[in-house]
2 protein chains.
Amino acid sequence: MSEHLLAGVVTPIARQSNLGELTYARLKEIIVAGSFPPNEKLTVRSVAAALGVSTTPARDAINRLLSEGALVNEGPKTVVIPSLTLDALDEVTATRLALEGLAAERSVLAAAPADVTALELMQAAINSGLDAADYREVLKVNREFHFLIYRLSGWPRLVAMIESLWLRVGPSLNELYPDFAQNRRGVSNHMAAIDGLRAKDGAKVRFAMEQDIRDGYVRLKAMITSRG
Amino acid sequence: MSEHLLAGVVTPIARQSNLGELTYARLKEIIVAGSFPPNEKLTVRSVAAALGVSTTPARDAINRLLSEGALVNEGPKTVVIPSLTLDALDEVTATRLALEGLAAERSVLAAAPADVTALELMQAAINSGLDAADYREVLKVNREFHFLIYRLSGWPRLVAMIESLWLRVGPSLNELYPDFAQNRRGVSNHMAAIDGLRAKDGAKVRFAMEQDIRDGYVRLKAMITSRG
DNA sequence: TCGATATTTTTGTTGCATCAAATATCAATT
DNA sequence: AATTGATATTTGATGCAACAAAAATATCGA
C-alpha cells in the first residue's frame, strides 16, 4: 500500500492557509521590522485596507497581536504599538533569559553537523552585513540565527512563546541597531554558541545566548533611559 | 479629588466587556475544570449555541485558545482539547519551572504581610478541602494560591504566559486529583513557600514552587505512562 | 484666544448569509 | 465483511451591514 511507501517521507499536514493567519504574519513582520511609526494608531479598517483584506481577518490579526502583548489598548477603541518602558524591558529580558536559556541548553540534544554549518553561514552573512552597514539584513539574519537554535529544542510551543517575546522588543531593537553595529560584541557570543553546539555542550550554548541577551539589554536600557 | 484617594487601591482599568472576551473566559473555565470530555470535537456553532452567543465571539474564543495551545487543530476543520502526551508534559513542565520559578523568586519584592495572611487562609481552605475530599475546591484554591504569588512579581505578561501553561495541564490535573489527594506532599511545599515569602527569601519561594511543580510532574507522568 | 459643549465622523463589535472545503453517511461492488 | 465511491451534511472562513460607543471636529460663548 502507498501508505507504507510514503510513511515518514511526506511531511505530515502543514495546513495553514487562512487569511487571518496570513494577515497576522504580515502585521507581525511589519511590527518587528519597525516599519510602523511608534504610537501610531491601528484600526481594523485601516489594516484591512492596507493589506487588501476585509475587516474580519484584520480584526483576527489585531486581536491576536493584542493577546500576545505586541499591541496594546490605549483607550477603548485605540490600539497602538506599545513603546517599551524600562519596566517592560526588565520583564521581557528576565523572561527571555529564562525561556531562551532553556531552549538553547536543549538545542544540543538534536543538533546535527548540518545545523552547525548553517549557523556558520548565517554568522558570515551577519559579518558581511555589518561591514556593509546593512542593518536590516543583519537584524533579519540575527533573528534566523537565534531561532534556528531555539527550534532545535524540539519544543514548538516554547519557540512560539519566545517569538511573542521578540515581538515586544523588535521595534526597539530596530531603533537601536545603527549604534549596536558599531560594537561587535554580539559576534563573539554567536561564535561561542556555535562552539558549544559543535561540542554538544548545552551549558555553554545557554551561557552564550544569555550573554547575547544581556548585551542587548544594556544597550536597550541606555536608549530608553536617554530618551526619557 | 477622588482620584488621589483611589490611586493604587482600585484595579487600574478593568475594561473588558466584549462578548468574545467573555466567551473566551467561560470556555477557559470549562477546559481547566476538565468539564469537557477529552478529545471531544469543538465547533464554532456548537460553542456558540452552548454559550448563547453568535458565531463571531465563539470563533474569537476558539481562535485565541488555539493560538495559546489550549486547543489544537486535529484536522483542517477539527479542533479538540489535546490529550497531554509525555513529550508535551515534559515541555510544559520545563517551561513552567522556568517561568513560575522566576515569578516566585520575584514575588518577595512586593509581598506584604496581608499577602502572607491570605496565603495562609488559602492553605487552610485547601486542607479542609482535602479532609472533605472536595477536589474541585482544592483544585480551585490551589490555583488561587499559586497565582497570588505569581501576581506579586508585578509582571502581568509573565503571569499571562504562566496562565496559558496551566491551561495545557489543567484538564489532566483534574483527572489526576483523586489520587493526588491521598498524599499530601503539596502541603509542605506550600508551607515552605509561605515561610519563604514571610522571610522575603526569594530563593526559598522559588525552590518550594519548583518542588510543587516537580511533584505534580511525577504524578502526571505516571498517569500518562499507565494509560499508554 | 481659550474652554466647554454640541455635532459629525470614525470605530469595534456583533450577527448573519454565503461559499468552498471537509466530513459524515450510505449504497454498491467486490 | 470490507472498501470504494457518490451524495448529503456540516463546517470554518470571509465579507458586510447595522448599531452603539468613542473620538474627532466644529461651534459657540466668554
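A, B, ... follow the sequence lines: proteins, then strands. Residue 1 opens every chain. Predicted, not measured: the structure shown is a model, and the values here were computed from it.
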Atom-pair distance (CZ on A/R45; C1' on C/dT9), nearest Å: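 In whole Å, C/dT9 C1' and A/R45 CZ are 11 Å from each other.
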Distance, rounded to the nearest Å, where A/I62 contributes CD1 and C/dT11 contributes C1':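 Taking atom C1' of C/dT11 as the reference, CD1 of A/I62 is at 11 Å.
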Short question: side chain of B/S46, backbone of B/L42 - any donor-acceptor pair under 3.5 Å?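 Judged by distance alone, no pair lies under 3.5 Å.
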Within this structure, what is the CG-to-C1' distance between B/N73 and C/dA21, rounded to whole angstrom?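 Value for this atom pair: 14 Å.
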A/L66 near the nucleic acid: base, sugar-phosphate alone, or nothing, with a heavy-atom cut-off under 4.0 Å?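 Here A/L66 touches no strand at all.
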Please tell me which of A/K77 and A/G52 maps to the more 5' nucleotide of DNA chain D, matching each residue to the nucleotide holding its nearest heavy atom.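 Result: A/G52.
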Just the rounded figure in Å: distance from P of D/dA13 to CZ of A/R64.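 Result: 12 Å.
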Taking atom P of D/dG12 as reference, at what distance in whole Å does atom CG of B/L71 sit?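 Answer to the nearest Å: 12 Å.
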Between P of D/dG15 and CG of A/L19, the distance in whole Å: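 Spelled out: CG on A/L19 to P on D/dG15 is 6 Å.
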Return the OG1 to CG distance between B/T93 and B/L165, rounded to the nearest 0.5 Å.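 One gets 9.5 Å once the value is rounded to the nearest 0.5 Å.
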Nearest of C/dG15, C/dA21, C/dT14 to any side-chain atom of B/V53?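 Closest nucleotide among those given: C/dG15.
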From C/dG12, D/dG12, C/dG15, nucleotide with atom closest to B/T56 side chain: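 Looking only at side-chain atoms, B/T56 lies closest to C/dG15.
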Interatomic distance where CG belongs to B/D60 and C1' belongs to D/dG12 [whole Å]: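 Computing the B/D60:CG to D/dG12:C1' distance gives 13 Å.
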Is the phosphate of D/dA13, meaning OP1 or OP2, less than 4.0 Å from a side-chain N or O of B/R59?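 Yes, within the criterion.
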Nearest to the side chain of B/V44 - D/dG12, D/dT14, D/dA22?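 Of the candidates, D/dG12 comes closest.
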Is the side chain of A/R168 donor-acceptor paired with the backbone N or O of A/S164 at a distance under 3.5 Å, no angle test?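 No: the side chain of A/R168 does not pair with the backbone of A/S164.
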Given atom CD of A/E74 and atom C1' of D/dA23, what is their separation to the nearest angstrom?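 Interatomic distance, CD of A/E74 to C1' of D/dA23: 14 Å.
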Which nucleotide sits closest to the side chain of B/N63: D/dA18, D/dA13, D/dT14?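 Nearest to the side chain of B/N63 among the choices is D/dA13.
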Which nucleotide in the list C/dG15, D/dG12, D/dA13 gets nearest to the side chain of B/T43?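 For the B/T43 side chain, the nearest candidate turns out to be D/dG12.
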Heavy atoms from C-beta onward define the side chain here; which of C/dT14, D/dT14, C/dA24 lies closest to that of B/K41?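 Given the options C/dT14, D/dT14, C/dA24, the side chain of B/K41 is closest to C/dA24.
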Out of C/dT13, D/dG15, C/dC16, which has the shortest distance to the side chain of B/T55?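 Within the option list, the nearest is C/dC16.
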Working note: A/E29 + A/Y24, criterion side chain to side chain donor-acceptor pair (under 3.5 Å); need CA distance, chi angles, decisive distance, verdict. CA-CA 9 Å; A/E29 249 179 65; A/Y24 166 76; over 6 Å; no
Is there a ring pair (Phe, Tyr, Trp, His ring centres under 6.0 Å) between B/W166 and B/F147 once you walk through the steps? CA-CA 10 Å; B/W166 277 61; B/F147 279 92; 5.2 Å; yes
Are any of B/T78's side-chain N or O atoms less than 4.0 Å away from OP1 or OP2 of D/dT11?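 No, B/T78 has no side-chain N/O under 4.0 Å of OP1/OP2 on D/dT11.
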